[in-house]
Structures are given as C-alpha cells and as structure tokens.
Amino acid sequence: MTGFGEDAAYPVRWQTTVEGRSLHVMVRRQAINLLLDNDSPSFTFDPAGRLHGAFVEGRNYRRSLDNRMLAKWSEQDGTRSTRRRRWLSADEARAVVDLAYQMAARAAGLAGDAPAAIRSALEAVTGWTWPRLVADRRWFERIYTPVGILPPDQYLALVLQATHGCSHNACTFCTFYQDIPFRIKSPDEFRSHVAGVLDFFGPALAMRRSIFLADANALVVPMPRLLALLDVLADGLESEIRETGKPGAAATISEPSPLGPDALPDPTFPHLPPATCSLPPATLPLFAFIDAFHVERKSVADWQELRGRGLQRVYIGMESGHDPLLRWLNKPGNAVDVLDAVQTLKTAGVAVSVIVMSGVGGAAFADAHVRDSVALLNAMPLGWGDLIYISEFREQPGSDYVRMAAQNDVRALAPDELHAQTRMLRNEYRAPDPNQPPQFSAYNIDEFIY
Ligand code: SF4
C-alpha cells in the first residue's frame with residue numbers, strides 16, 4: 001500500500017538550498033516531511049499530500065481531517081512551564097496551510113534531479129491548496145458523522161463508524177454524542193462507509209496504525225451483529241475496491257467527484273487512486289470503547305473470538321471507583337462492574353485501558369473519589385500492555401453536570417488541587433506485578449483531534 005511506487009526503499013531523503021537556507025525533504029511510507037534549517041519551520045504531510053502538522057516559531061500545529069487547526073505551545077509561568085492550546089480561526093489556519101504549500105512548491109520547483117520518490121511525494125503535496133482542503137472537509141463530512149473523542153494513543157487510528165453515538169448517552173458530564181441517537185449500522189451500510197473511508201484516505205492509509213471501531217460504545221453490539229460487521233473488514237472489501245480501481249496508477253478525474261463541482265480547482269489533478277486503498281485487516285489491530293456495564297453481556301469465549309478478529313485493547317471510562325459519585329454522574333454500572341469487566345477482558349487475553357477522571361465531583365467527593373478509585377485500580381489485574389489514563393476533569397458548558405454542581409454546591413477543584421489529586425491517583429497506585437506495570441498517561445480531551 002503506497003502512493004510512491006512499490007519498490008521504493010524508505011526513508012528517502014533529499015536536500016536543496018533556498019535563499020541560503022537548507023531545505024530537507026524526507027519521504028517515509030507513512031508521511032512526507034519538509035524541514036527548513038534547524039527544523040523550524042517544519043511541515044508534515046500525509047502520503048496523499050494533505051497537511052497533517054507543522055512546527056512554526058515555537059508552536060506546534062495539528063490539522064484535523066475536517067480542516068480545523070489546533071495550536072499547542074508552552075509558556076513559562078514563573079518557574080513552571082504551562083502547556084497552552086487553542087483552535088485557530090479559519091484565517092489563521094489558512095496562513096499556516098499557505099506557508100506549508102508555498103514551501104512545498106519551492107521544493108518541487110528545485111527537485112528536477114531528485115529521486116523519484118521525492119518528486120512523486122512533492123507532486124502529491126503541491127496539488128493541494130486551501131480551497132481544496134475546504135472541499136476535502138465536505139467530503140470527510142459526507143463519510144463521517146462527528147468523531148466525538150478517541151483515546152490519545154488512537155489519534156492516528158483509522159476510525160470506522162460501525163455505530164453512531166453512545167448507547168447510554170446519559171452521563172451527566174458528557175456532551176460528546178448529545179445530539180446523535182445511538183444506531184447500529186447494517187453490514188451493507190457499514191461496507192459502504194468503509195469503502196468511502198478507504199477512498200477518502202487513499203495512499204494516506206499508510207499513516208494509520210490501527211482501526212478504531214467507533215463511536216463511543218460499538219462493542220455493545222450483540223455478538224451476531226458485531227461479527228457480521230467485522231466480516232465486512234475481513235472479506236469482500238478489498239476485491240470490491242479492486243474491481244473499481246486502477247491498480248498502480250493515479251487515475252485522472254473522469255467521473256463526478258464526491259466533493260461536488262467546486263471541489264477540485266484543477267480538473268487535471270489526479271484523484272486519489274482507490275486501487276491503493278485496501279485494508280490489511282490481519283495487520284491492523286482493532287481498538288474500541290465500551291462501558292463497563294456491557295462487558296459482562298458477552299462471555300469470555302465471545303471476547304476471545306473478538307481477540308481472534310484483531311481486538312487488541314478495550315477502553316473503559318471508569319471515571320471513579322466511588323459508587324455514590326458514579327451514581328451522581330449517572331454512569332452505567334458501579335465499581336464492581338468495572339472490576340468484573342476488566343477481569344473478564346483480561347481472562348480473554350484482551351488488553352484494557354481504564355480512564356479515571358481526576359477532579360470529577362469537585363471538593364465534595366475528592367477524598368472518597370481518590371480512596372475508592374485507587375482501591376479499584378489496585379484490585380485490577382492490569383499489567384504490561386494495559387493503560388491507565390488520568391483525565392483532568394473539565395466541566396463541559398451545557399452539560400447536566402454544570403447544572404447539578406450548582407444545585408448541589410459541588411465546588412470545582414482549583415488547578416493546584418486538581419494537579420494534587422492527579423498526583424495522588426498516580427502515586428498511590430500499586431501494580432500487581434511491579435516488574436510489568438501498566439502504563440500511566442494523561443488524557444487531555446482538549447487536545448483530541450482527528
Ligand atoms: S458512556 Fe461514555 S460516551 Fe456514553 S454518555 Fe457516558 S461518558 Fe459519554
């Protein structure tokens with residue numbers, strides 16, 4: 001699966017000089033990098049040529065597939081470095097995009113004697129412009145409903161929406177799927193979605209490291225229906241795409257674009273070649289969320305079968321080990337359900353990630369939340385390959401949580417109290433086997449981007 005020739009050996013590097021400054025181009029299987037001087041500015045494009053990320057004047061930028069841009073940087077605050085982030089306006093995002101493609105155009109103009117892989121990569125990149133990325137967003141939005149959230153280690157997954165929304169959709173703090181009724185796709189509908197996704201990504205599939213079965217609770221789907229959906233990934237799809245694609249070559253546009261008439265300013269621009277877009281299900285591990293309450297609706301044998309279909313890790317929003325707080329948050333299930341769920345999955349050989357929310361329940365629940373959450377984590381058979389995420393809680397405007405906190409006089413923790421609680425959750429954890437502990441990581445929902 002490559003857009004740059006089957007026999008190219010990666011990485012391929014090439015260097016030139018622009019106005020006395022060195023410009024490096026590096027083509028890897030999964031990305032194209034342009035770097036000026038000491039790596040600033042630098043730009044990363046996916047193998048289809050869409051801008052993926054940038055580093056300019058000390059700021060990191062990440063562009064989402066729906067063409068929004070998140071800026072992240074650090075600020076010194078006394079002796080402490082504080083991470084900042086903000087979504088750019090369309091004009092600000094366009095300035096970063098234009099800078100990236102101007103630099104790519106200069107490189108392409110000088111690349112006449114560069115290796116073929118470099119020239120192909122720069123050709124893929126220089127076909128993009130801001131208007132084309134705007135049109136690309138519309139294409140993306142025809143294939144996907146909003147991707148509400150992913151675990152941080154899955155931001156580079158290929159998201160496939162087998163379901164829409166969340167089957168529970170009633171946790172008081174959560175606004176991710178408020179307006180999306182839960183629905184399970186039929187196999188035919190899912191097949192068509194997956195085919196659309198593959199066509200959209202084209203050679204950029206090489207950047208994706210896993211499959212994330214979305215949305216929030218896709219694994220609650222009853223086993224026979226879930227297996228029928230997974231069958232879509234396992235067979236049929238590749239041959240369906242190959243029948244319509246043109247192996248090994250970029251086809252020029254000859255049929256109506258899914259983007260609409262204004263989507264492609266240059267009518268000779270090569271369409272992403274669908275023949276390069278087959279899913280390799282045996283090599284891409286599968287990940288998904290599930291709520292703890294629903295894990296037990298499947299047997300250990302069911303989970304083993306899903307593991308055999310590629311399911312590698314399941315993410316459970318535990319939030320807290322304190323039952324009164326879980327009830328106040330209107331989570332499905334209680335602490336024992338979470339423990340049972342983790343034990344079932346681990347018995348089946350499926351890795352687990354549990355997500356704990358530091359600071360949820362504010363000052364009113366703080367002591368009991370830490371005590372019972374640590375006790376629950378310490379009782380779990382977690383080890384190497386498992387993940388404990390700590391997500392520092394932020395009230396979502398418009399959520400029931402905000403209203404209930406005001407009614408019940410639940411004071412939010414101050415930043416220092418929040419960080420102290422995060423440290424307590426981390427420091428009081430004891431792995432069952434200290435030589436093979438699970439990994440701890442931060443889960444900052446404000447940095448989610450797809
Ligand atoms: S189960 Fe997860 S996605 Fe669903 S409402 Fe609760 S927190 Fe949100």
Side-chain angles (χ1 to χ4, degrees), residues 1-3 30-31 46-50 52 63-68 124 132-133 135-150 154-165 180 183-216 218-219 221 226 228-246 250-251 255-260 263 271-289 309-311 448-450:
M1 181 172 58
T2 170
Q30 68 273 26
D46 72 21
R50 296 178 176 103
H52 176 76
R63 196 189 70 88
S64 64
L65 291 167
D66 61 0
N67 203 32
R68 294 171 301 128
R132 185 156 189 244
L133 289 174
D136 198 56
R137 172 186 182 146
R138 292 200 294 278
W139 186 3
F140 178 82
E141 289 173 342
R142 286 174 63 159
I143 300 163
Y144 285 99
T145 52
V147 179
I149 190 76
L150 292 172
Q154 294 298 309
Y155 289 178
L156 279 180
L158 183 72
V159 172
L160 297 176
Q161 291 176 312
T163 62
H164 287 298
I180 305 177
R183 190 168 69 79
I184 302 170
K185 283 187 175 149
S186 70
D188 281 349
E189 205 181 348
F190 187 49
R191 182 180 301 276
S192 145
H193 168 68
V194 175
V197 168
L198 298 185
D199 198 23
F200 175 81
F201 277 90
L205 273 178
M207 191 180 235
R208 304 286 141 180
R209 299 173 183 161
S210 58
I211 292 175
F212 197 89
L213 202 64
D215 279 334
L219 293 175
V221 176
L226 183 55
L229 292 169
L230 295 181
D231 282 345
V232 169
L233 304 184
D235 54 59
L237 187 63
E238 184 172 347
S239 58
E240 178 182 300
I241 288 171
R242 288 201 180 283
E243 278 166 24
T244 55
K246 296 174 184 172
E255 69 262 3
S257 163
L259 298 167
H271 186 44
L272 302 178
T276 63
C277 316
S278 58
L279 258 191
T283 55
L284 284 186
L286 192 63
F287 297 83
F289 284 120
R309 300 287 194 110
L311 183 63
F448 163 64
I449 187 162
Y450 183 60

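Numbering of residues begins at 1 and proceeds along the displayed sequence.
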Heavy atoms only: give me the nearest [X]-[Y] pair and the separation to one decimal.
{"X": "L150", "Y": "F212", "result": "CD2-CD2, 3.5 Å"}
{"X": "G196", "Y": "I143", "result": "O-CD1, 3.4 Å"}
{"X": "D215", "Y": "Q161", "result": "OD1-NE2, 3.0 Å"}
{"X": "Y450", "Y": "V159", "result": "OH-N, 3.0 Å"}
{"X": "W139", "Y": "D199", "result": "CH2-O, 3.7 Å"}
{"X": "L286", "Y": "L233", "result": "CD1-CD1, 4.5 Å"}

*Test side chain to side chain donor-acceptor pair (under 3.5 Å) applied to D66 - qualifying residues, sequence neighbours left out*: S64, R68
*Who passes side chain to side chain donor-acceptor pair (under 3.5 Å) against Q30, sequence neighbours left out?*
none
_Between CG on residue L65 and CD1 on residue I449, distance to nearest 0.5 Å_ = 8.5 Å
*How long is the gap from CG on L158 to CZ on F200, to the nearest 0.5 Å?*
10.5 Å
*Is there side-chain contact between L133 and R63, with at least one heavy-atom pair below 4.5 Å?*
yes
_Set out, in order, the CA-CA distance, both residues' side-chain angles and the distance that settles side-chain contact (heavy atoms from CB on, under 4.5 Å) for L156 and H52, then state yes or no._
CA-CA 11 Å; L156 279 180; H52 176 76; 3.7 Å; yes
_Run the ring pair (Phe, Tyr, Trp, His ring centres under 6.0 Å) test against F448 and tell me which residues pass, sequence neighbours left out._
Y155
*How would you list, by chain and number, every residue that makes a ring pair (Phe, Tyr, Trp, His ring centres under 6.0 Å) with H164, sequence neighbours excluded?*
none
*Which residues satisfy the side-chain contact (heavy atoms from CB on, under 4.5 Å) test with A204, sequence neighbours excluded?*
D46, P47, A48, R50, F201
_Partner residues of S210 under the side-chain contact (heavy atoms from CB on, under 4.5 Å) criterion, sequence neighbours left out_ = Q154, A157, P285, F287
*Might you work through the side-chain contact (heavy atoms from CB on, under 4.5 Å) test for L160 and V197, ending with a clear yes or no?*
CA-CA 8 Å; L160 297 176; V197 168; 3.9 Å; yes
_Please identify which of these residues, L229, L230, T163, meets the side-chain contact (heavy atoms from CB on, under 4.5 Å) condition with L213._
L230
